[in-house]
Each structure stands twice: as structure tokens, then as C-alpha cells.
Amino acid sequence: MALISFPRFLSRPLESNHRRSLRSRYKCVCCVSPTAAATSKGRSGSAVIWFKQDLRVDDHLGLVAASKYQAVVPLYVFDHRILSRYSNEMLELVIFALEDLRKSLKEQGSDLMIRFGRVENVIRELVEEVKATSVFAEEEVEYHLHQMMAIVDETLAKVSLVDGKPKICLWQTPFYDIKVAIFALREFLICDYLGVQFDRTYSYVTQNLNDLPVSHNEFRKLQRPLTSPILPPTLAGAKLEADWGPLPTFDELKEFVNENPWKLEESWTLINNMSAETILTDKLSKLGKRSKRNLNNQHSPRKRLDKSFFVTDKGNTVGGGTNAVLNALQAYLRYLEGTGRDDWQELQEKLCNAESRDGASFATLFGPALCLGIISRRRVHYEAIKYEKERNTGFLSPFGYSAATVAAAADAVCSMEWYWLMSLRSLRSNEGVYSTRIWRWNGYQIQGIILQYTVAGKEGPAILLVHGFGAFLEHYRDNIYDIADGGNRVWAITLLGFGRSEKPNIVYTELMWSELLRDFTVEVVGEPVHLIGNSIGGYFVAIVACLWPAVVKSVVLINSAGNVIPEYSFLQFSNERQASGPVRLGARLLLFYLRLNISNFVKQCYPTSYDPGVLVVLESIFSFKLSLPLNYLLEGFKEKVLIIQGIKDPISDSKSKVAMFKEHCAGIVIRELDAGHCPHDEKPEEVNSIISEWIVTIESKVPAESFL
């Protein structure tokens, strides 16, 4: 069984799409320093603050910069392109957050304008109406939001005001104290007041970001000091005579979302509404088989407290406004102390239920609030460290945190910050031309997780390449563009837990990864794909084909993990994983071996081996349960399955496996190659040719036998 695949050293980098950097068109960059903001002079004119996933006034540095204008118009736009990525529970959380945001803005002397429609049109009309010279927006790394901001920028470029063309000012929350970035901001604030251009500011910030090491271990050695969150400023704008707009109810918002002119067919959008476990259990019961099901997806009705932190119907995650989330955070951190408060007791009960592994409860409970920016990562870390010092008379121990909840919160936000920083770095690298894109996954009880992917080709059938354990999208560097040149559109993703994708503290299972591939196909690709997987990635691909056949056109397995079990009479399935002491010890020993014995290889091909969360991912090696046989998973895909098998695979007995495929999997096509575990990496030209011919055969609906 193949679990770990080690690709060859990258002989050439992934080619870029040679697109002009969207980032370089923006007129200013705002990495705000509280000191600089406090010392800057006031400005005439007005500014618009475009809220997206930063629904707070606390520790909001865009507000600090905008507060220097004579008039400020905070704005939230309900745009189908943003809302379509949200579940019903997230839409509920958005409404509660906006209600609190409007209240908080009024307390600061302003209000929140609510609009519906395409954001570029709304902002253009508002800018022309209030004569705004600046639009402040948080910098994004996610591809579809980055594209939307570019469209807004292009729209504003066509607007002419008396004071010149309006500009977008991007802001960030500097988790770490990067002195060059702060110096650049001070120059930005002074130059803006004097009417000078901002190109030098951008070059300073970018140069500093590109100088950061890509190894988390090396980054930690720099010992960058952490910055502190800031309080909200007083704003001008309440005197503006404007229609601020009412907040919609949840039913009104759902009605608006369903009116999306770009919405996919109902059957397609419903695909990701049911978990893999639920579908699989149902399929096995229909076959008359018994399935061991350890996770209960049915939630009994709950009695909601008057001041509950869990405001949605499902009641799974913390929501409301910033103060409510901060209060919930205090209850979380103080779990060991006990409490007589009903709302704190409820949260601490939820904590226990969400602790699928040590520390996993934090992301489950607070992930959506962080994703929507109801609370900043920096604020969470500040509050966690503040409480830790309270417990230890003002000191921090060099041996770790004294409370598991403090460790869970602090480690989670530091990990999130690292992956966001590396995503921003990749976005700005190579002089603004980047070959990778960022997708945020909102699934599997986690929200806003960063994953990297790339795409090549402009027309033709859609193909998704899935790597094996220990690899990443660059493992297909010699396949992506060659297959795309054959008249296809090719996507390659770095799975959760690998490469530059995020490695959250969750339980990693085969069904989790299969749900990720399903959601990526639905949200990013947007149409059925030809799924191609190597090693354990092949097993994930087979699960997707079995559970969601509507999203799969054909399956190509390259030395896939998994077994063929003839005449199976009983299938036992469990999605539960236990990280026992031996499992954790095995993961640590494996990681130590990788770092010590193949250090040069790791540095060149696996620079992420020191990333936060790597150890958690490695633990999954020792808990994989590939209990579902490949012949069961593929039985509904006759005439649509291609097996590419390297006969010299050192990990498995390829000859026996091929024999089992031929005997027990009717209607599949097998190609044997003189290669090892990764034929696409060892013989890319041959594999590319086979795959391209296979896609033509399937698309032309020619019988698979003709491919032999």
C-alpha cells in the first residue's frame, strides 16, 4: 500500500500564466502602524471603508487610516460572488456580525451602509456620490476575492473627480513587527498628505516580505516581536445625508442568494450539502451491509440560552459581535477554572464535544468568527498571552503554556498567520507574476482554510490532478502544461496538510480529503472533471467517484493506494481516528528521520517540513483505514476507469495488484509501465500521452476497449 510518495527534485518550476500583477495597479499600500496613524495629520475629503471579511471595529487598521478623513462611509455589499461560498450557517453569522458592526460604528460616530449587487458598481456609484478619494479594503490572498478587487480597481480607474482619480488603499493587520513595513507606512502617511505617489512604499513592503524565509523553523529564529491590537478610532460620517439601508433578515438574504444569475443547477449545488460519512453509511445499508458509524450527524434540538454564544440554528460555532466572541474566548481560555455562568458552561460543554484531538476545539468553535474577521488573529493571541501571564504572575514559561486552552488558541492563530503570510508572499513573488492561486475551504467543520492550486489551459475538458501523501501540486510539474497543451484545462491542488497548504489541528481522514476534492470541484472548477490521482491521492479520487459520481467524468489511478478484495461480503467502515501515544511517537520519529537523514532533499523539495501542524498530518499515516476496496469504490464507473501502474513500484506488489484488477474489476483499462511508484514523475512524456488519449476517448464517448 502506497502512502508516501517522494517526487524527484524539481527540475523546472511551474510556468506562470504571465499575467500582469493585479497587485501592482493599486495606488497605495496600508500596513498600518498605530504610532504612525496617531501622528498623521487630518485629510480633507471623504473615504469609503469596504468591509468584506473584517466585520469588526476592534483592531481594524483600515478604520484607523480612514479616520483621518473629514467624512467616512463604511460599506458592506451583499454580492453573489462572495455569498455563494458561504453555507447557511455562515450566512446567519454574517447577519449577526453586521448587526453588531453597525451598532459599534454608531458608537464611534458613524454607521454602516448596506447595499446589494455587484460590488464594483456599488462602490463606483458611492464614490461618485460622496466624492471619495480613497477606498480602504483589507488585502486578500484568496483568488476570487483578489480578482474582484482588481475589477473594482479597473472600475474606479474610469472615475474622475475634482481631486483626481479615486484609489484603493489596501490594509493589513501586522501580526509581527516588521520594521521596514512600519517605516514604509510612515512614509505613506506623510506622502499621502503631500500628494506624492506611493510606488516606493510598495517596493519597501514587498522587498521585506520576499526576504522572509520560507522555512517556519528559520522564521522562528528571527524572533520577530508580536504587535498589539489597537482600539477603534472615532469616525466622521454620521452627519452624511445618505440612505444607509436596512439589514436583511436571514430569509430575505436566502431569497437574494437563490436569485444568483450565475448559480449552478440545484442538483449540482446540493452535492456538498451531505457529508461523505452520511452518504457512505446509506450506500452500505442499502447493500445490506453493516457499517460501523462512530460519528453522529443528527443534532437533537437544543434549548438556546438567552445570552448564548451559539446564535445559529445548528449552534455549532461561536457567533455574534466582537464583544460576544471575546467573551466566549475568555470562557474558552478559563476552562480549567470552572464557572457558574450558564453561557460559559454551555461553551465549555461544546469545547469538550469538539475536542476530536488535543486543541482541535478552538478552530471548530472560533474558526468561522476568525474567517469573517469578527475578531482578529492578533486579538486572540493577545488575550491568550494576557491570560497566561495572569496565571503565572506576569511571566511566560520557556517550556510551554500552562493551560491546554491557551496553547490551542495561541498555536492556532500563529499557524493561521504563518500560512496567510506565505500565501501573500507567493502572491507577490516573481515580480508580481505568480503561478499558484489560493482557495479557502469552508468545509469539514473548519472555515477559511488556505489551500494552494494552479490551473493551465483555456478550453477543453476539465482535469483535476491529485498528488500522494507527502507531495504537493509541483509533483505534477512535468504534466500540467503538457496535458493542457493537448486541448484540456488542468487543475492541480495541494491537499490540506501538505506543501504550502494549511495544516490545521484536525483529524485527517480519507473522507475529509475526499470532501475537499468534491468542494474544490464544485466551487472552483464548477463542472464535472476527469479525476487523476497518484498513491493515496488515487484512493481519495476513487472515494469521490463512488460517493459523488455526478462530479466525475472518468477516473485515472496512478499506482493507487487501496486493495482489491474479491467477493467481499462485509464492509466495515469507521471515520474515527485515535492519536494514541504510540501513534504520536511514530509520527515524531518519522519526522525526525525525514529532517535528519534526507536534509538536503527536504530543504529542496519539502521546505514545509517545519511548518506548524506537520506532526498532526504525519500522525494520520499510522491511522489510515483503507477498508473500502477499490473494486467496490469503482464498480459504478465501468468503462470510465484507467489504471496506470508502474511495475517496479518498491512499495507494493504491482504484478499481483494488476492481476487482481483484471480479475475482479470489469470494464477498466490497464496500462503497465516500466516505472516505480510515481510513473507520471519518472516517465512524464509517456504518461501525458496516455492521459491525453484517454481524455479524448472518454469525451468522444468511444468504448473504453478501443483505448487498449
Side-chain angles (χ1 to χ4, degrees), residues 26-76 100-113 130 132-140 166-194 198 201-202 204-205 225-238 240 321-323 326 373-383 417:
Y26 297 125
K27 295 298 182 182
C28 61
V29 179
C30 188
C31 183
V32 181
S33 161
T35 303
T39 57
S40 64
K41 300 179 180 179
R43 305 173 198 167
S44 61
S46 60
V48 173
I49 304 173
W50 173 21
F51 286 93
K52 303 187 299 299
Q53 295 178 148
D54 50 321
L55 307 183
R56 64 183 187 275
V57 297
D58 176 71
D59 199 27
H60 193 293
L61 306 183
L63 281 173
V64 174
S67 65
K68 306 308 170 184
Y69 287 78
Q70 289 183 345
V72 178
V73 184
L75 170 70
Y76 185 87
D100 182 79
L101 177 60
R102 168 169 276 182
K103 178 182 176 181
S104 299
L105 285 168
K106 286 182 177 180
E107 293 174 353
Q108 300 306 126
S110 185
D111 204 331
L112 178 64
M113 184 169 289
V130 302
T133 56
S134 298
V135 177
F136 289 88
E138 185 176 24
E139 186 161 19
E140 302 286 354
K167 59 184 178 294
I168 293 183
C169 293
L170 303 179
W171 65 273
Q172 308 164 9
T173 303
F175 200 87
Y176 298 99
D177 185 4
I178 302 176
K179 295 182 179 179
V180 176
I182 293 176
F183 172 79
L185 172 73
R186 290 171 177 166
E187 183 177 46
F188 153 70
L189 291 168
I190 297 172
C191 290
D192 184 40
Y193 181 70
L194 297 176
F198 311 96
T201 303
Y202 170 65
Y204 278 132
V205 178
L226 295 168
T227 58
S228 298
I230 59 173
L231 297 176
T234 301
L235 301 174
L240 288 175
T322 302
N323 288 336
L326 277 171
I374 300 173
I375 188 172
S376 69
R377 296 188 294 270
R378 186 166 68 173
R379 173 63 71 181
V380 170
H381 190 271
Y382 176 84
E383 295 297 331
E417 181 69 16

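Heavy atoms only: backbone and side chains are in, while hydrogens, waters and symmetry mates are out.
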Rounded to the nearest 0.5 Å, what separation is found between the [atom1] atom of [X] and the [atom2] atom of [Y]?
| X | Y | atom1 | atom2 | result |
| --- | --- | --- | --- | --- |
| L235 | L105 | CG | CG | 6.5 Å |
| F136 | L170 | CZ | CG | 10.5 Å |
| C169 | I49 | SG | CD1 | 11.0 Å |

Looking only at heavy atoms, which two atoms of [X] and [Y] are closest? And how far apart?
| X | Y | value |
| --- | --- | --- |
| V57 | S104 | CG2-CB, 3.8 Å |
| T173 | E417 | O-OE2, 4.3 Å |
| F51 | L63 | CZ-CD2, 4.3 Å |
| L112 | Y76 | CD1-N, 4.0 Å |
| P166 | A132 | CB-O, 3.6 Å |

Mind checking what makes salt bridge (Lys or Arg N to Asp or Glu O under 4.0 Å) contact with [X], not counting sequence neighbours?
| X | answer |
| --- | --- |
| R102 | D111 |
| D100 | none |
| E138 | none |

Counting N and O atoms only, with roles assigned by atom type, does the side chain of T322 sit under 3.5 Å from a partner on the main chain of I374, one being a donor and the other an acceptor? yes
Keeping the roles fixed (side chain from Q108, backbone from P233), state whether a donor-acceptor pair exists under 3.5 Å.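 Yes: the side chain of Q108 pairs with the backbone of P233.
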Taking side chain to side chain contact (heavy atoms under 4.5 Å, CB included) as the definition, give me every residue that meets it alongside A137, ordered by chain and number, with sequence neighbours left out. W50, K52, M149
Is there a side-chain contact between T227 and Y176 in this structure, where contact means two heavy atoms from C-beta onward sitting under 4.5 Å apart?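 Not in contact.
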Does the side chain of Y69 reach to within under 4.5 Å of the side chain of T133, using non-hydrogen atoms?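 Y69 reaches T133 side chain to side chain.
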Y382: what forms a ring pair (Phe, Tyr, Trp, His ring centres under 6.0 Å) with it, not counting sequence neighbours? none
Inter- and intrachain pairs under salt bridge (charged side-chain N to carboxylate O under 4.0 Å, His left out), touching residues 57-67, at least two apart: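 Applying salt bridge (charged side-chain N to carboxylate O under 4.0 Å, His left out) to every pair that reaches into residues 57-67, excluding sequence neighbours, yields D58-R379, D59-R378.
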